[in-house]
Amino acid sequence: MKTSFYSYSLPELRALFEAQGLSATGAAKLYHWRYKHRAPASGNELSKATQSYLQENMSFELPEIDRVQEAGDRTVKFLFRLADGKKVETVLIPSNRKYGICLSSQVGCAMKCSFCHTGLQGLSRNLETHEIVGQLLGAQRWLSEQRPGKDRIATVVFMGQGEPLHNFDSVRRACEIFLSQHGLSFASDKVTISTAGYLPGLVRWKAEMPGVNIALSLHAVEMKKRDELIPINARFPLDEVLAQIDQIPRNRKRFVIYEYLLAKGFNDSVEDAEALGEKLKGKKAFVNLIPFNPYPGAKYERPTEEEARAFKAVLDEHGIPTLIRFTKGTDILAACGQLNSKPPTG
Ligand code: SF4
């Protein structure tokens, strides 16, 4: 059976070539062509032996695009069909003339967050590295064809379906490919992994993850409320998660991003904001406030803009840089926690 080229970091590909008696420099050339030129290596770049090895043993297939939905604000949501027929979603989020891409790391998710459409589906399986990298390359190819000249993907976030740290190895390798200078050459501060607080992955992060940004879905400081929103909080309590994040070495300028979903009348009071300000005291924190984006059958409501601003004002007083994120692409359900989902029926 052929293995996917897009599952190999460059050191792994070099090692594979060497083990096959092929020139390791061919690995860097192949990487360069596939990722920089987005094309097969030209005729005489690779030896005959390398070419025939690739032909027999390696696949360069990308996930197929099953459906594309374009929102009025230029957000694009892709449904990709994987080789086994399972489907995952990926979203391109416009920002000036560029895009950020929101990737999925699993088919479904085991974390069961109460505000999340994906969480309702349960976990089907982990994505392989090539299925993660393939989402970016497939979206890039679509952009280059459909919106030439305005097709640059500048940032990557793991904020789609799945808990990325629950699929640590594939996500780590995908990040290595994104950061590789011979690969996609993203700067490390342009790649962000968002976690619900999956502690076993955070414990591994320090020694194994390349220097990408971390974002924590914090969402509530009071334990009962956080238990309701993010059930894994009962196994991996917030204070242990925060302590673990504090141990991850970071560039001096680097902030940890704390995501806070604002659900009207649930976690959006001035007292909740005060508790958050106290919890993040002394940390290099950046807070994203996300007013809940309701979907049919959802159990939470969206606060008014005024209520969101009142919450932000408290964090401002605590000196914590904070942005209110008014979600994009809501007309195609592309907002956080709403991927690969149909509105519940009945
Ligand atoms: S919010 Fe993220 S971690 Fe929680 S259930 Fe949804 S996809 Fe999983």
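Counting starts at 1 for both ligands and their atoms, following the listed order.
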field: Sidechain N-carboxylate O distance under 4.0 Å for E89, R67
entry: yes

query: Salt bridge between D227 and K224, side-chain N to carboxylate O under 4.0 Å?
result: no

query: Does the side chain of N167 come under 3.5 Å of the side chain of S105 through a donor N or O and an acceptor N or O?
result: no

Enumerate the atoms of ligand 1 whose separation from the nearest heavy atom of [X] is less than 4.0 angstrom.
{"X": "K112", "value": "5 (S)"}
{"X": "C116", "value": "1 (S), 5 (S), 6 (Fe), 7 (S)"}
{"X": "G162", "value": "7 (S)"}
{"X": "G119", "value": "5 (S)"}

task: State, yes or no, whether a side-chain contact exists between Y258 and L280 at a heavy-atom distance under 4.5 Å.
output: yes

- line: Exactly one of L202, T192, I257 clears side-chain contact (heavy atoms from CB on, under 4.5 Å) with I214, and that residue is L202

task: May I ask you to check whether C109 brings an N, O or S atom to under 2.8 Å from atom 4 (Fe) of ligand 1?
output: no

